Amino acid sequence: MADLKPVNADGDMLVIAHRGASGERPEHTLASYERAIDQGADYIEPDLVVTKDLVLVARHENEIGETTDVADRPEFADRRKTKTIEGQLINGWFAEDFTLAELRTLRAKERMPALRPGNTAYDGLYQVPTFAEIVALKRAKEAETGRRIGIYPELKHPTWLLQETGIDTVDLLVRQLREEGLDGADADVFVQIFEVGPLQRIDAMIDVPLILLIRPEGGPYDEPGMTWAGMMTPIGLSEVAEYADGIGPWMGHVLNDDGTPSDLVRDAHAAGLQVHPWTVRKENVFLPPSLRSDASENGVGNMIGLVKLLEAAGVDGYFTDDPGLVRGE
């Protein structure tokens, strides 16, 4: 690996492929990740959930009905359940109720077909990938391209899973990163979670960069006495810096409604934290009104304009569904 070109050797903002090139392929598939790598993304981002037999796999949520064809499989009809996950009542099929072999029989589908009808052409083609397969893809593409490719995994609902199922995904992830030799500060890995305790545990176990994700409202599930608003103050950010290396805030925390920067990037940098907001997407519905092309939700707006606003705000990187567009591929 010593002869590989470093991740983002030019020192520009990091381009983090959100669930792969999910603007062009069904998210969290090897095809989506490979497409993003080919388009020049610095990092690929898998959301990790877990199977019944303790294998980390990539899905947007542990509810898999939205992103696979499980609803069309009569052999799994009796697996449909209703669960309360972090205070939300959710009905569907859940990864932790399936073995890996059972998940392998399913096929991925586009999660937002109304917004991205072109992606539905790929429905039914791809399996649910394991985290190990994503690491293998990273290494194969590094060998092919001669450049380093980062991985930016997010653990989904680690505290809830531990409380409700007894499955410790923090331990599973740490063990796998160690086995893969990705447990050091120079391993081109960021680990991200919307919770405090799991990040603190990982910080005590391995030396990888850690990112506290921040939602638009509320606070971390595992710390009901905390609020995101309080954690984004200068004092709150200094406390975050005790166990994390950066924050992944919702875009609206970084940019005001008129596109001007908030104080968050300045305050985070003062605390020694990187800032990687989410998510840069091309469709009008995800863009500020001033950057939309028309009144349609799925029309393509001025996504590059949003990137320029983030650059002006001084962010260190950003999540995007469309790495090819921001890289000019």
Side-chain angles (χ1 to χ4, degrees), residues 13-29 31-47 58-61 63 65-68 108-126 152 154 156 192 194 213-217 248-262 275-313 315 317-329:
M13 294 185 295
L14 292 176
V15 174
I16 305 153
H18 188 237
R19 310 168 192 170
S22 53
E24 299 184 23
R25 299 290 187 275
E27 63 188 39
H28 294 311
T29 58
S32 181
Y33 299 132
E34 184 170 19
R35 179 78 171 158
I37 292 168
D38 290 343
Q39 292 175 336
D42 297 306
Y43 283 78
I44 53 173
E45 187 237 11
D47 295 338
R59 286 292 87 192
H60 171 51
E61 283 290 342
E63 197 292 302
E66 195 175 36
T67 59
T68 73
K109 68 177 184 179
E110 170 56 38
R111 188 172 62 88
M112 299 186 289
L115 284 178
R116 295 171 175 171
N119 286 10
T120 63
Y122 303 96
D123 286 358
L125 297 182
Y126 309 123
Y152 206 126
E154 176 190 349
K156 289 286 186 172
Q192 53 173 338
F194 280 103
L213 294 172
I214 299 175
R215 298 188 191 277
E217 298 177 336
W250 171 61
M251 192 81 63
H253 294 318
V254 171
L255 298 175
N256 298 315
D257 290 343
D258 61 359
T260 59
S262 71
V275 182
H276 301 160
W278 47 274
T279 306
V280 173
R281 290 164 162 154
K282 64 180 179 291
E283 292 88 0
N284 285 326
V285 68
F286 300 119
L287 291 167
S290 63
L291 297 178
R292 296 172 186 168
S293 58
D294 53 39
S296 67
E297 288 194 343
N298 64 353
V300 176
N302 183 11
M303 189 182 74
I304 300 303
L306 179 56
V307 172
K308 290 179 178 177
L309 291 176
L310 292 174
E311 184 175 16
V315 305
Y318 56 89
F319 294 85
T320 180
D321 290 6
D322 298 281
L325 293 180
V326 299
R327 287 295 195 206
E329 296 292 327

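Please read all numbers here as calculations on a predicted model, not as lab measurements. Atoms considered below: every heavy atom in the structure, side chains included; atoms not considered: hydrogens, waters and symmetry mates.
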What pair of heavy atoms forms the shortest contact from Ala21 to Pro323, and how long is it?
-> CA-CD, 4.1 Å
Rounded to the nearest 0.5 Å, how far apart are OG1 of Thr320 and CE of Met13?
->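 Separation between the atoms: 10.5 Å.
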Counterpart residues, side chain to side chain contact (heavy atoms under 4.5 Å, CB included), relative to Asn256 (two or more places apart) = Asp258, Thr260, Ser262
Set of ring-ring contact (aromatic ring centres under 6.0 Å, His included) partners for His276, sequence neighbours left out |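 His276: ring-ring contact (aromatic ring centres under 6.0 Å, His included) contacts with Tyr152, Phe190.
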Tell me which donor-acceptor pairs under 3.5 Å the side chains of residues 282-292 have, and how far apart each pair is, sequence neighbours excluded?
unit_1 : atom_1 : unit_2 : atom_2 : d
Lys282 : NZ     : Gly23  : O      : 3.2
Lys282 : NZ     : Asp322 : OD1    : 2.8
Glu283 : OE1    : Arg116 : NH2    : 3.1
Glu283 : OE2    : Arg116 : NE     : 2.8
Asn284 : OD1    : Ser293 : N      : 2.8
Asn284 : OD1    : Ser293 : OG     : 3.3
Asn284 : ND2    : Ser293 : OG     : 3.2
Asn284 : ND2    : Asp294 : OD1    : 3.0
Asn284 : ND2    : Ser296 : O      : 2.9
Asn284 : ND2    : Gly299 : O      : 3.3
Arg292 : NE     : Asn284 : O      : 3.0
Arg292 : NE     : Leu287 : O      : 2.8
Arg292 : NH2    : Leu287 : O      : 3.0

Just how far is it from atom OG1 of Thr68 to atom CG of Asp123, taken to the nearest 0.5 Å?
->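 Thr68 OG1 to Asp123 CG: 10.5 Å, rounded to 0.5 Å.
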Under 3.5 Å donor-acceptor, Thr29 side chain and Ser32 backbone =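 At least one qualifying donor-acceptor pair exists.
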Would you sort out whether Trp278 and Gln192 count as a side-chain contact (heavy atoms from CB on, under 4.5 Å), showing the intermediate values?
-> CA-CA 12 Å; Trp278 47 274; Gln192 53 173 338; over 6 Å; no
CG on Asp47 to CD on Glu27, rounded to 0.5 Å =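 Reported value, rounded in 0.5 Å steps: 7.5 Å.
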Output the distance between atom OG1 (Thr279) and atom CZ (Phe319), rounded to the nearest 0.5 Å.
-> 7.5 Å
Specify the closest pair of heavy atoms between Pro261 and Ala312, including all atoms of both residues, with the distance to one decimal.
->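 Minimum heavy-atom contact is CG-O, 4.5 Å.
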By ring-ring contact (aromatic ring centres under 6.0 Å, His included), which residues pair with His253, not counting sequence neighbours?
-> Trp250
Sequence neighbours left out, what passes ring-ring contact (aromatic ring centres under 6.0 Å, His included) with Tyr318? Give chain and number order.
-> none
Is there side-chain contact between Thr67 and Pro26, with heavy atoms separated by less than 4.5 Å?
-> no
Please round to the nearest 0.5 Å and tell me the distance separating atom OG of Ser22 and atom CD of Glu110.
-> 8.0 Å
Quick one: are Leu306 and Leu255 in side-chain contact, heavy atoms under 4.5 Å?
-> yes
Nearest heavy-atom contact between Asn298 and Leu115 is CB-O, 3.4 Å
Is any side-chain N of the basic residue among Asp321 and Arg19 closer than 4.0 Å to the acidic one's carboxylate O?
-> no
Do Asp42 and Arg327 sit within salt-bridge range, that is, some charged N less than 4.0 Å from a carboxylate O?
-> yes
Mind checking the CZ-NE2 spacing from Arg59 to His28? Nearest 0.5 Å is all I need.
->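 The CZ atom of Arg59 sits 7.0 Å away from the NE2 atom of His28.
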Hits for side chain to side chain contact (heavy atoms under 4.5 Å, CB included) against Glu66, two or more places apart or cross-chain, chain-then-number order -> His60, Glu63, Arg111
